Amino acid sequence: FPIRENGPSDRLQHRVVDKYVDIISTSVNPAETRGFSLALGSLPNKLLAPSLPVLSSVIDCLCKVARYDSRVGNEADAETRRNALLSLSRVCETVGLDPSGSHSGEPNAFPFPTVAFTADMVSKVYESFLLALEDYNVDRRGDVGSWSRVAAMRGLECLMYAVSQFMPSEQIENGTESGNIPFLDESVCIRVIGGLLKQLSEKLDSVRSHAGGCLSRMLTCTSPSVSLVPRKDRLIECLELDPNIDGSQKITNWANPVITYRLVMACADIDEFFPYVLSGMIISVGGLGESVSRYSEEALLAWIRERPAVFARAAVRSERVANELVGLFRRNQRKRRVILPLLKTLDKLLNSGCFNGLVYSTDSIFCISLLSCMIMEAKGCNDVHTLLAIVEITLGLLSSQHCQQLSNDIMVFICQMLCHEFPRVRRFTADNLYVRLLEEPDLLRTQVHSEPALELLLEAPWDSDMNRIEAYDLSSKFAKMSGINAKARGVIDSDVESKKERAVDEFASYASLVNSRS
């Protein structure tokens with residue numbers, strides 16, 4: 001492009017950069033947004049950065065369409081999101097960074113081009129890449145969000161290299177990496193490395209392969225050295241990298257679940273990265289892939305049970321995992337992509353006995369917190385698989401060692417699931433509760449009506465097309481037989497009465513409507 005000394009003409013600017021930005025932002029044609037978002041990153045810096053407003057418009061446009069919830073027209077488009085992230089990386093490399101802030105964009109102050117990335121722009125790009133690591137959109141082709149996650153990992157790697165070039169020379173000479181450097185602080189570095197560790201612990205082989213490659217190169221690269229990584233030496237040791245080889249040319253098959261999950265769980269000992277590792281592991285442990293689920297479960301259980309002779313260490317690890325899982329439950333309410341694998345992971349950990357010390361206690365805070373989360377998730381949930389998983393875990397929490405209040409709270413919730421609107425949920429709850437009561441008869445507070453209660457669970461037509469009121473009556477009857485105290489039964493009975501009144505009101509309103517029209 002022929003450019004004058006003071007930058008591109010208004011006409012050229014309007015016909016190239018402004019046109020590309022406008023099409024990307026407004027077009028409803030995916031072919032246009034895909035092509036122009038990729039083309040925007042291929043432009044030279046003399047068009048991308050003649051002034052701060054122009055560069056800012058380019059960055060804002062690409063960051064907007066790279067979001068996982070962006071739309072082209074009324075539809076999500078994975079290729080547009082991926083191309084926007086690729087272009088963000090290219091723009092960063094083409095334009096460069098300005099740590100001093102001297103490129104203010106004042107006319108004739110510096111030779112053209114006069115601007116580079118400011119700290120605010122770099123912060124926007126960081127946030128865009130980190131947000132793209134949460135892109136789990138799916139369509140008929142599968143997990144298309146993984147395209148964006150891979151592009152974001154590559155972008156973060158390039159941006160970290162670019163930023164690390166501005167590490168103060170005295171820190172390089174002294175071998176220290178404390179404090180902050182331009183465009184980067186330790187909190188951002190934790191999010192970047194943590195995000196890569198999360199991707200390394202998830203279920204897709206291709207994503208793990210890219211995440212492992214990015215991490216190994218970033219942790220071992222010496223020119224430039226990526227700074228401010230907490231416990232960097234420990235991370236290198238956990239991932240079994242060779243710090244003496246620049247860029248870690250040692251080949252590790254990160255796509256192999258047998259190798260990867262064992263290494264990534266070792267990184268969970270680093271407090272800053274523990275939440276990231278565990279949030280990725282639950283997707284693998286609770287996933288559908290047989291080999292991925294098996295090897296990730298083995299790695300997680302081995303880490304929790306490590307050094308069994310030191311009881312305090314194992315107990316602390318199981319408690320940390322339990323608290324983090326409850327926190328994930330609370331932060332991801334109604335997100336089926338996370339909740340269903342989380343429930344399956346919880347079920348496997350409960351069955352393995354890892355949480356026995358937390359569950360089988362008189363007043364288990366873990367049980368109380370988990371029960372509260374499951375009650376909230378079950379309300380208004382229409383996904384049968386999630387509801388069945390909730391019932392299975394709730395039955396696993398039942399223990400005769402609990403205090404009476406906690407046992408009553410659990411049994412009340414079970415009784416509410418016995419009268420759920422879905423017949424399959426009612427039948428599943430009744431069958432599994434029957435088996436649980438046979439295994440541990442002391443769960444029933446009274447033995448007077450234990451036989452009739454078991455017969456009711458076994459013989460009642462829970463999966464028939466009974467109406468909701470009949471199901472509520474059966475559930476209330478079982479609650480009385482099972483010895484639930486009067487106050488707890490009142491919760492169920494009041495629920496029954498409210499449903500009956502609602503049903504009567506609905507029929508009455510319908511009848512009045514018919515009569516008014518006749």
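Just so we're clear, the structure is a prediction, and the values are computed from it rather than from any experiment. Numbers here simply count residues along the sequence, with the first being 1.
Of all non-hydrogen atoms in S148 and L85, the two that sit nearest each other are O-CD1, 3.4 Å. Of all the heavy atoms in G380 and R334, the pair that sits closest is C-NH1, 4.1 Å. The two residues P44 and T94 make their nearest non-hydrogen contact at C-CG2, 4.1 Å. Residues A266 and C238 come closest through the heavy atom pair O-SG, 3.5 Å. Shortest non-hydrogen contact noted between E186 and P230 is OE2-CG, 3.9 Å. Contact record, I368 with L406: CG1-CD1, 3.8 Å, taken as the closest heavy-atom pair.
Distance check: R317 CZ to L300 CG gives 10.5 Å after rounding to the nearest 0.5 Å. The CG atom of L343 sits 4.5 Å away from atom CD1 of I393, with the distance rounded to the nearest 0.5 Å. Summarising the geometry, atom OG belonging to S352 is positioned 7.0 Å from atom CD belonging to E297; distances are rounded to the nearest 0.5 Å. Taken from CG in L239 to OG1 in T220, the straight-line distance is 10.5 Å, to the nearest 0.5 Å. Annotation: the span from I23 atom CD1 to D18 atom CG amounts to 11.0 Å, rounded to 0.5 Å. The CD atom of E306 lies 9.5 Å from the CE atom of M265; values are rounded to the nearest 0.5 Å.
Scored by the side-chain contact (heavy atoms from CB on, under 4.5 Å) test, R34 finds P30, D77, E79, T80, N83 as partners (sequence neighbours excluded). For E439, the side-chain contact (heavy atoms from CB on, under 4.5 Å) test picks out V435, R436, with sequence neighbours left out. Partners of S209 under the side-chain contact (heavy atoms from CB on, under 4.5 Å) rule, at least two apart in sequence or in another chain, are A255. With sequence neighbours excluded, the residues satisfying side-chain contact (heavy atoms from CB on, under 4.5 Å) with D22 are T26.
Listed by first and then second residue, the ring pair (Phe, Tyr, Trp, His ring centres under 6.0 Å) pairs involving residues 258-295 are F274-W303 (not counting sequence neighbours). The stretch residues 375-397 participates, sequence neighbours left out, in these side chain to side chain donor-acceptor pair (under 3.5 Å) pairs: R336-D383, D383-T386. Each ring pair (Phe, Tyr, Trp, His ring centres under 6.0 Å) pair with one or both residues in residues 318-356, not counting sequence neighbours, appears once here: F355-F366. Here salt bridge (Lys or Arg N to Asp or Glu O under 4.0 Å) pairs that include residues 123-136, with residues two or more places apart or in two chains, are D60-K124, R81-D135, E127-R191, E134-K198. The salt bridge (Lys or Arg N to Asp or Glu O under 4.0 Å) analysis of residues 150-166, with sequence neighbours excluded, yields the pairs E157-R217. Screening residues 21-60 for ring pair (Phe, Tyr, Trp, His ring centres under 6.0 Å) gives Y20-F36 as the qualifying pairs, with residues at least two apart or on separate chains. The list of ring pair (Phe, Tyr, Trp, His ring centres under 6.0 Å) pairs with a residue in residues 62-82, not counting sequence neighbours, is empty.
The closest side-chain heavy-atom distance from F129 to V125 is below 4.5 Å. Residues F117 and I59 form a side-chain contact, since some pair of their non-hydrogen atoms from C-beta on lies under 4.5 Å apart. Using a 4.5 Å heavy-atom cutoff, the side chains of L55 and M121 are in contact. Looking at M218 and L196, their side chains come closer than 4.5 Å, going by heavy atoms from C-beta outward. Inter-residue side-chain proximity for M160 and L184 is flagged as met; some heavy-atom pair is nearer than 4.5 Å. Using a 4.5 Å heavy-atom threshold, the side chains of L156 and L130 count as touching. Contact check for V338 versus I282: side-chain heavy atoms found under the 4.5 Å cut-off.
E324 and R331 are joined by a salt bridge, as a carboxylate oxygen and a charged side-chain nitrogen come within less than 4.0 angstrom of each other. By the 4.0 Å N-to-carboxylate-O rule, R149 lies close enough to D143 to be salt-bridged with it.
A distance-only check finds no donor-acceptor pair linking the side chain of T260 to the backbone of P257 [under 3.5 Å]. Judged by distance alone, with hydrogens and angles left aside, the side-chain atoms of S201 form no donor-acceptor pair with the main-chain N or O of L278 at under 3.5 Å.
Atom NZ of K203 has 12 or fewer heavy atoms from other residues, nucleotides or ligands within 6.0 Å.
The closest side-chain donor-acceptor pair between S27 and N29, if any, does not fall under 3.5 angstrom.
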With a cut-off of 3.5 Å and sequence neighbours excluded, list every side-chain donor-acceptor pair involving residues 286-293.
| from | atom 1 | to | atom 2 | distance (Å) |
| --- | --- | --- | --- | --- |
| S293 | OG | V285 | O | 2.9 |
| S293 | OG | K348 | NZ | 2.7 |

Next item on the list: List the steps, then state whether side-chain contact (heavy atoms from CB on, under 4.5 Å) holds for M374 with L397.
Entry: CA-CA 12 Å; M374 290 192 294; L397 297 180; 3.8 Å; yes
